[in-house]
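To start, the structure under review is shown below, and the notes come after it.
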Amino acid sequence: MKPELEATPKLGFGCMRLPLLDPADQQSIDLEQFKQMVDVFMEGGGTYFDTAFVYHEGASERALKEALVKRYPRDAYTVATKCLAWAIDSKEEAQSNLATSLKRMGLDYVDFYLLHNVGGVRTAKFDEYGMWDFVKQKKEEGLVRHWGFSLHDGPEALDALLDAHPDADFVQLQANYLDWDDPVIQARRCMEVAQRHGVPVVIMEPARGGRLAELPERVAAPLKAAAPNASLASWAYRFCFNLPNVVTVLSGMSTLDQARENVATFQTNRPFAEDEQHALDEAVDVLRSLASVPCTNCRYCVKDCPQGVSIPEIMGLLNLELMTENNEFVKGLYQWQAPGRASTCIGCGACEAMCPQSIDIIHQLEVAKEHFED
């Protein structure tokens with residue numbers, strides 16, 4: 001591991017799903033609750049805050065300025081933000097994102113700057129816009145302390161990227177106990193590739209978009225039997241906290257209670273005992289048997305959907321139906337949680353081209369139409 005990154009605490013505050021005053025308005029961040037969450041996180045020993053140019057339509061970066069930057073000395077925290085170049089129309093606009101992010105956050109430099117969601121066909125835009133040379137130049141200028149990239153792709157793609165860009169300071173990867181040996185995500189192999197290259201990892205999606213914090217009873221049973229007082233989320237975070245070559249494990253916190261619980265898990269972390277590992281293995285076997293849709297609510301699919309279909313919400317409801325085995329209950333939720341109906345899909349494929357999880361979204365929308373619409 002690169003020595004200058006070793007001392008970073010293992011819990012990171014993800015600012016992708018901040019509390020909202022109006023659930024229909026992604027920019028209506030509940031700033032007062034966010035400030036309390038920041039305070040709990042900082043008091044608990046956390047320092048790493050992760051945001052992006054596009055999170056909450058830019059409001060995440062602005063909220064960080066109010067809740068963190070204005071209220072704490074600069075040497076008390078580190079900030080990561082990102083540039084989603086593949087979704088931008090020009091090199092000039094993509095390269096201007098850094099200056100905009102710094103202005104939004106009120107910072108003179110960013111500690112960790114990421115090329116956002118590299119991999120697959122998206123990599124071509126980062127190459128075309130010269131983003132690799134751009135971030136290295138900004139590091140030389142002192143505007144970026146460390147640069148890296150986030151990746152939703154397989155180990156072969158990661159290996160090729162690290163061969164092409166061996167001076168990357170870190171990489172951000174999806175890893176959790178469900179995806180560890182998943183044949184599509186291949187989290188274990190991706191982590192091994194990064195370690196072989198000597199590049200440390202920031203882990204994202206440790207609780208699989210919150211799914212591993214809300215398990216069906218038959219999945220949760222072995223975990224509760226092994227540790228009755230432990231939260232389900234704590235199992236997910238402990239799994240990641242104790243992996244090698246990890247700089248930070250990001251938690252996308254949405255409430256003050258989540259912040260408190262995650263800090264407590266971080267402070268009391270310890271490796272799994274043998275009986276706990278057996279319990280986790282059993283839970284994973286049951287969970288995989290549910291054959292659910294692997295959506296993490298990253299929302300890349302909705303950006304270019306011409307029909308405004310509520311794709312992540314619908315994928316989540318399909319999962320909920322599988323877990324609860326209660327169609328009527330989930331059908332009721334569908335009426336208000338998915339204003340963009342599955343039946344409006346025209347099958348253009350724009351969503352599938354952008355999905356980091358390679359979900360067969362068009363087919364799943366057909367399933368949702370049959371299950372939830374009269």
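This is a predicted model, so every value here is computed, not measured.
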Do Leu102 and Tyr113 come close enough that some side-chain heavy atom pair is under 4.5 Å?
no

Donor-acceptor side-chain pairing of Ser251 and Tyr237 below 3.5 angstrom:
yes

Charged N to carboxylate O below 4.0 Å: is that the case for Asp50 and Lys82?
yes

Paired with Leu161, the side-chain contact (heavy atoms from CB on, under 4.5 Å) test is passed by just one of Leu151, Val199, Val171, namely Leu151

Measure the shortest side-chain to side-chain distance between Trp147 and Lys136 over non-hydrogen atoms and say whether it is less than 4.5 angstrom.
yes

Strictly distance-based, threshold 3.5 Å: is any side-chain N or O of Gln335 a donor or acceptor partner for the main-chain N or O of Lys331?
yes

Check ion pair Arg188-Asp181 (N to O, under 4.0 angstrom):
yes

Quick one, Arg74 with Asp108, criterion side-chain contact (heavy atoms from CB on, under 4.5 Å). Give me CA distance, side-chain angles, the key distance, then yes/no.
CA-CA 10 Å; Arg74 185 63 181 93; Asp108 296 324; over 6 Å; no

Could you go through Ile362 and Asp360, starting from their C-alpha distance and side-chain angles, then the distance that decides it, and tell me whether this counts as side-chain contact (heavy atoms from CB on, under 4.5 Å)?
CA-CA 6 Å; Ile362 296 172; Asp360 54 344; over 6 Å; no

For residues Phe53 and Ile88: do they belong to one hydrophobic cluster (side chain heavy atoms under 4.5 Å, members Ile, Leu, Val, Met, Phe, Trp, Tyr)?
no

Do Asn117 and Ser150 have side-chain atoms, one donor and one acceptor, less than 3.5 Å apart?
no

Sidechain N-carboxylate O distance under 4.0 Å for Lys139, Asp169:
yes

Ring-ring centroid check Phe112 Phe49, cutoff 6.0 Å:
no

I'd like to know if Glu141 and Lys138 make a salt bridge, using a cut-off of under 4.0 Å between side-chain N and carboxylate O.
yes

Report yes if the side chains of Tyr177 and Leu212 come closer than 4.5 Å at any heavy-atom pair, otherwise no.
yes

Does atom CD (Glu274) have a neighbourhood of more than 12 heavy atoms from anything else shown, all under 6.0 Å?
no

Under 3.5 Å, side chain of Trp86 to main-chain N/O of His116, donor-acceptor pair present?
yes

Would you compute the distance between atom OG of Ser96 and atom NZ of Lys103 and round it to the nearest 0.5 angstrom?
11.5 Å

Distance-only donor-acceptor check, side chains Glu61 and Ser101, under 3.5 Å
yes

Would you check if there is a donor-acceptor pair between the side chains of Tyr72 and Asp39 at a distance under 3.5 Å?
yes

Are side-chain N/O atoms of Arg62 and Gln27 paired as donor and acceptor at under 3.5 Å?
yes

Working for side-chain contact (heavy atoms from CB on, under 4.5 Å), residues Phe241 and Val246
CA-CA 8 Å; Phe241 286 151; Val246 173; over 6 Å; no

Nearest heavy atoms of Thr255 and Met37, plus distance in Å:
O-CE, 3.4 Å

Within 6.0 Å of NZ in Lys35, more than 12 heavy atoms from elsewhere:
yes

Student check: side-chain heavy atoms of Met105 and Thr51 closer than 4.5 Å:
yes

Glu373 side chain to Tyr334 side chain, donor-acceptor N/O pair below 3.5 angstrom
yes

Will you find, in the side chains of Asp281 and Gln277, an N or O donor that is under 3.5 Å from an N or O acceptor?
yes

Have Asn176 and Glu205 got a donor and an acceptor in their side chains that come within less than 3.5 Å?
no

Would you say that Val79 contacts Leu68 through its side chain, given a criterion of any heavy-atom pair below 4.5 Å between the two side chains?
yes

Arg122 CZ to Asp153 CG distance, which is reported to the nearest 0.5 Å
6.5 Å

Gln36-Glu32 side chain donor-acceptor pair, cut-off 3.5 Å:
no

Taking the side chain as C-beta and beyond, is there a heavy-atom pair between Asn97 and Thr81 under 4.5 Å?
no

Check step by step if side-chain contact (heavy atoms from CB on, under 4.5 Å) holds for Cys15 and Ser60.
CA-CA 6 Å; Cys15 301; Ser60 175; 3.3 Å; yes

Salt bridge between Glu214 and Arg208, side-chain N to carboxylate O under 4.0 Å?
no

Are side-chain heavy atoms of Met191 and Ile203 found at a separation under 4.5 Å?
yes

Charged N-O contact under 4.0 Å between Arg104 and Glu57
no

Once rounded to the nearest 0.5 Å, what's the spacing between atom CD of Gln137 and atom CG of Leu98?
10.5 Å

Determine whether Trp180 and Gln186 make a side-chain contact, defined as any pair of heavy atoms from C-beta on separated by less than 4.5 Å.
no

Have Asn262 and Gln258 got a donor and an acceptor in their side chains that come within less than 3.5 Å?
no

